[in-house]
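To keep things clear, I will list the structure first and then write my remarks on it.
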Amino acid sequence: MRYWLMKSEPADVSIDDLAALPNQTVPWYGVRNYQARNFMRDGMQVGDGVLFYHSGCAEPGIAGIARVASTAYPDATQFDPASCYFDAKATPESPRWLHVDVQFVRKTRLVGLPELRSQPELENMRVLARGNRLSITPVEPAEWRFIVGQLLGATDLVN
DNA sequence: GCCAACGTTGGC
DNA sequence: GCCAACGTTGGC
């Protein structure tokens, strides 16, 4: 069991949007960065914990908890010429972009960036590193325990 | 393989 | 809208 932080722009898919979807599940479409893709393809397993993070908005921060709900499979938007995520170099025979399904677990209070940065326990957290732009980053078990257990008080979700 | 130019992310 | 940081592209 591993843990991840996944960024989503709430104008696109917010934690409330995720909760309202069928099966409360969304294919994590639109990732066009190889490192982030590789985390989904090579690192993720069904049941992994996800910190659902709102980015590109007025109050960036952790907005909820989710879980990985599938292994990686091709992102359909890469084949769709009408999609802004279309990739002319990708074919169904040789897909370039893979993603997992992400399922809602719980909406939480918003733990904003300044609060995250103020915690000595999180000083090495990957998403907080200078210049980080990755939309998917691994979360250390100790970081997960601190955020979910201490900051959010969701002790039932710590393990 | 190098590297300059360009594009994107994302906080502020 | 600005800008730092970093990834990708493409000429050589």
Side-chain angles (χ1 to χ4, degrees), chain A residues 2-21 25-44 48-68 70 72-140 142-144 146-148 150-152:
Chain A
R2 295 185 187 177
Y3 305 99
W4 310 92
L5 182 142
M6 300 176 79
K7 296 180 186 175
S8 181
E9 298 192 10
D12 187 6
V13 181
S14 70
I15 189 73
D16 289 324
D17 294 333
L18 180 63
L21 284 167
T25 298
V26 70
W28 204 260
Y29 61 84
V31 169
R32 295 294 180 268
N33 171 284
Y34 291 105
Q35 263 185 281
R37 179 202 68 181
N38 293 348
F39 283 140
M40 290 195 282
R41 186 188 63 188
D42 306 330
M44 289 191 185
D48 282 0
V50 173
L51 299 173
F52 192 100
Y53 180 97
H54 283 174
S55 69
C57 58
E59 282 193 288
I62 294 165
I65 308 290
R67 65 187 285 273
V68 174
S70 79
Y73 64 99
D75 179 341
T77 63
Q78 69 192 304
F79 310 127
D80 177 4
S83 170
C84 60
Y85 298 116
F86 177 67
D87 185 338
K89 293 178 180 170
T91 64
E93 297 72 32
S94 177
R96 179 178 291 202
W97 304 110
L98 307 178
H99 61 194
V100 299
D101 289 340
V102 172
Q103 183 171 35
F104 178 83
V105 171
R106 187 173 302 177
K107 183 180 179 177
T108 66
R109 75 177 177 89
L110 190 112
V111 184
L113 249 194
E115 181 176 355
L116 291 170
R117 291 197 187 284
S118 75
Q119 308 296 334
E121 291 87 346
L122 303 178
E123 64 180 355
N124 295 319
M125 199 175 175
R126 186 93 171 256
V127 74
L128 303 179
R130 176 181 171 82
N132 171 70
R133 292 186 315 164
L134 270 182
S135 63
I136 298 174
T137 46
V139 173
E140 296 302 318
E143 295 166 347
W144 174 272
F146 180 75
I147 292 169
V148 173
Q150 298 289 121
L151 297 184
L152 296 173

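Note that these values count all heavy atoms, side chains included, but never hydrogens, waters or copies made by symmetry. In what follows, chains are A, B, ... by sequence order, proteins preceding strands, each numbered from 1.
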Results of side chain to side chain donor-acceptor pair (under 3.5 Å) for N33(A) - residues two or more places apart only: none
Please tabulate, for the side chains in residues 97-104 of chain A, all donor-acceptor contacts under 3.5 angstrom to protein atoms that are two or more places apart in sequence or on a different chain.
from, atom 1, to, atom 2, distance (Å)
W97(A), NE1, D87(A), OD2, 2.8
D101(A), OD1, Y73(A), OH, 2.5
Q103(A), OE1, R67(A), NH1, 2.8
Q103(A), NE2, N23(A), O, 3.3

Other residues, nucleotides, ligands: >12 heavy atoms within 6.0 Å of R32(A) CZ: yes
F52(A) ring center within less than 6.0 Å of W28(A) ring center: yes
Compile the donor-acceptor pairs under 3.5 Å between side chains in residues 116-129 of chain A and protein atoms, sequence neighbours left out, one pair per line.
from, atom 1, to, atom 2, distance (Å)
R117(A), NH1, L128(A), O, 3.0
S118(A), OG, E115(A), O, 2.7
Q119(A), NE2, E115(A), O, 3.4

Listed partners of V148(A) passing side-chain contact (heavy atoms from CB on, under 4.5 Å), at least two apart: L51(A), I65(A), W144(A), A154(A), L157(A), V158(A)
R96(A) and Y34(A): side chain donor to acceptor below 3.5 Å: yes
Name the pairs: protein N/O against N/O of nucleotides 3-6 of chain B, kept only if under 3.5 Å.
none

Report all interatomic pairs (protein N or O, nucleotide N or O of nucleotides 8-12 of chain B) with separations under 3.5 Å.
from, atom 1, to, atom 2, distance (Å)
dT8(B), O2, R133(A), NH1, 2.3
dT9(B), O3', R133(A), O, 3.4
dG10(B), OP1, K7(A), NZ, 3.1
dG10(B), OP1, R133(A), O, 3.0
dG11(B), OP1, Y53(A), OH, 3.0
dG11(B), OP2, G56(A), N, 3.1

